[in-house]
Amino acid sequence: LIFKPILSFYEYWSLRIVWALLLDSAELAELISIGHELPGLEFKSWGSATDARFSGKIVRAMLGMANRSDGGRIVIGVEQTPTGFVLQDPQVELLQTWTHDNLSDRLAGYADPSVRFKLEYVPTDASQAAVLITVHEFDDVPILCKKELLADPASDGFILKRGGCYVRPRKKPETSELATFEDMRAILDLATQKQLRRYVAQAEAAGLTLGLAQDALDGDLYRTERERIWNS
Amino acid sequence: MEQLTDSELARAIRERGFLTISISPAKYLENRVSRLTRIFSIVQSASVENQGWDFPHINHEDPRREDDWVGQATDWRMHREIWRMAKSGQFMFLGGITNDWLDRAVPPQAPANSVFYLWEICARLLQVYEFAARLSLTDAGDDQMSIEWELGNVGGRTLEVGPTRGRFYTAQPLSSNEFKYPSRHRSPDSLAERSTLVSDPRLYSAEALVALFDQFGIDIEIEQARSIQGQFDSISSN
């Protein structure tokens with residue numbers, strides 16, 4: 001990246017460093033203060049990435065996030081209390097188990113196709129830290145689970161089911177197997193739209209014109225409508 | 001906190017720094033989208049989440065439904081915004097600049113209304129043009145889309161990266177109290193070809209960012225704007 005001299009070295013690094021190190025912590029505090037989870041946000045209390053069942057629950061949440069528009073985020077190191085969510089004390093030995101490589105390996109055993117994600121440590125203040133996993137929405141087709149993982153005890157069923165398609169239902173911030181036609185339609189719409197966008201982009205790159213160019217914006221009609229609607 | 005009517009909320013938003021956005025198909029068709037329920041579902045599915053907040057924000061309340069439009073208003077902490085979408089496919093938005101309302105944050109902080117945070121407008125522009133791209137592929141879309149936005153009550157502000165530090169020392173304060181983009185209404189500048197918008201919405205948001213930097217007396221190129229955007233972006237590339 002080469003900026004013109006007018007954008008100084010300091011300014012460029014301000015951009016990179018401030019966002020990477022400081023804003024996330026403020027943002028995290030704000031997210032926690034909401035007091036509940038969201039379709040694109042899940043909190044988990046501390047656990048180890050080497051614990052198959054705990055990391056299986058993280059994988060399950062990641063599969064659900066990857067199957068929603070714009071993906072989502074999972075924060076490890078936050079516990080639920082009767083009054084809402086709070087940051088837990090840091091557990092360095094657990095935090096150190098959460099590396100991108102560890103999680104990639106775990107995820108690769110269950111996700112098909114693969115899931116893109118970013119793992120960061122969020123410095124919450126001088127003595128606390130949390131793990132933030134940002135999951136991107138799927139690239140081509142929805143993510144399916146390719147291997148099962150039993151709960152402990154096994155009588156509790158499965159954490160992950162082979163062939164399962166995990167989603168984050170709009171009405172409830174939790175990860176569940178695809179069960180309703182609304183969720184099915186949402187994921188199909190998302191996949192269709194991605195294919196359509198890819199086709200349009202390829203047509204654009206090939207110099208094909210899709211549709212006829214129009215003369216001008218019907219600005220006066222829109223302005224009249226806008227003023228009427230804002231005043232109602 | 002008392003519940004404001006939409007018009008009271010709109011008035012309150014305009015008292016401090018604010019952003020208005022209008023997105024529409026080029027051609028006006030009064031009943032382009034015939035059903036109100038369909039309008040809400042279009043906006044809901046096209047809404048873009050970035051850095052923890054969606055644009056437009058879809059809250060859990062039932063949308064307001066009138067004869068030919070649907071909309072929602074959100075007044076939560078420093079997030080104060082209203083959106084409406086007409087059957088013609090015209091989407092309109094009015095929202096406060098969030099750092100101007102930090103006195104409503106938890107815990108309250110001093111409003112930062114003498115500065116302009118790059119992170120906020122950058123993340124928002126990415127969302128706006130991605131939202132327009134998604135809209136263009138729905139019943140509310142067309143071969144050409146108009147995307148116009150305006151900042152109000154921003155005169156005299158300096159440009160900073162974010163709330164903690166990172167002032168642009170070479171930037172000049174905004175001389176005008178408002179900034180319209182594109183600057184000439186009804187000009188071809190505001191029209192985006194759907195095929196380009198869908199394949200590269202970031203091109204349009206980068207162009208808008210170049211124009212905004214220009215207001216602060218900083219000359220950057222499109223590729224530099226794209227690089228800056230990359231720092232503020234959690235939207236998946238399509």
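All chains are named by letter (A, B, ...) in the order of the sequence lines, taking the proteins before the strands, and each is independently numbered beginning at 1.
Residues B:D67 and A:R228 are not paired through a salt bridge, judged by the lack of any N-O separation under 4.0 Å between the basic side chain and the carboxylate.
Heavy atoms of A:S69 lying under 4.5 Å from chain B belong exclusively to its side chain. Heavy atoms closer than 4.5 Å to chain A are found nowhere in B:S41, neither backbone nor side chain. With a 4.5 angstrom heavy-atom cutoff, B:S88 touches chain A via backbone and side-chain atoms both. Residue B:I58: no heavy atom, backbone or side chain, is found under 4.5 Å from chain A. Contact annotation for B:M85: neither backbone nor side-chain heavy atoms come within less than 4.5 Å of a heavy atom of chain A. For B:R64, the part lying under 4.5 angstrom from a heavy atom of chain A is the side chain only. Only the side chain of A:L196 comes within less than 4.5 Å of a heavy atom of chain B; its backbone N, CA, C and O stay farther away. Heavy-atom distances place the side chain of B:P201, and not its backbone, under 4.5 Å from chain A. Both the backbone and the side chain of B:Q44 have a heavy atom closer than 4.5 Å to some heavy atom of chain A.
With hydrogens and angles left out, the side-chain atoms of A:R226 and B:S24 include no donor and acceptor closer than 3.5 Å. No side-chain donor-acceptor contact under 3.5 Å links A:S232 and B:E66.
The main-chain N or O of A:Y222 is found under 3.5 Å from a side-chain atom of B:Q90 such that the two form a donor-acceptor pair.
B:D68 CG to A:I229 CD1: the interatomic distance, rounded to the nearest 0.5 Å, is 5.0 Å. Atom CG in A:L221 sits 6.5 Å away from atom OH in B:Y28 (nearest 0.5 Å). Here A:E225 contributes atom CD and B:K87 contributes atom NZ; the two are 11.0 Å apart, rounded to the nearest 0.5 Å.
Listed options B:D200, B:D54, B:L137, B:D6 were ranked by heavy-atom pairs under 4.5 angstrom with chain A; first place goes to B:L137. No other option in B:M92, B:E30, B:H60 has as many heavy-atom pairs under 4.5 Å with chain A as B:M92.
Residues A:D70 and B:V48 form a side-chain contact, since some pair of their non-hydrogen atoms from C-beta on lies under 4.5 Å apart.
Closest heavy-atom contact between B:L197 and A:R197: O-NH2, 4.5 Å. Across every non-hydrogen atom of B:R77 and A:S33, the tightest pair is NH1-OG, 2.5 Å.
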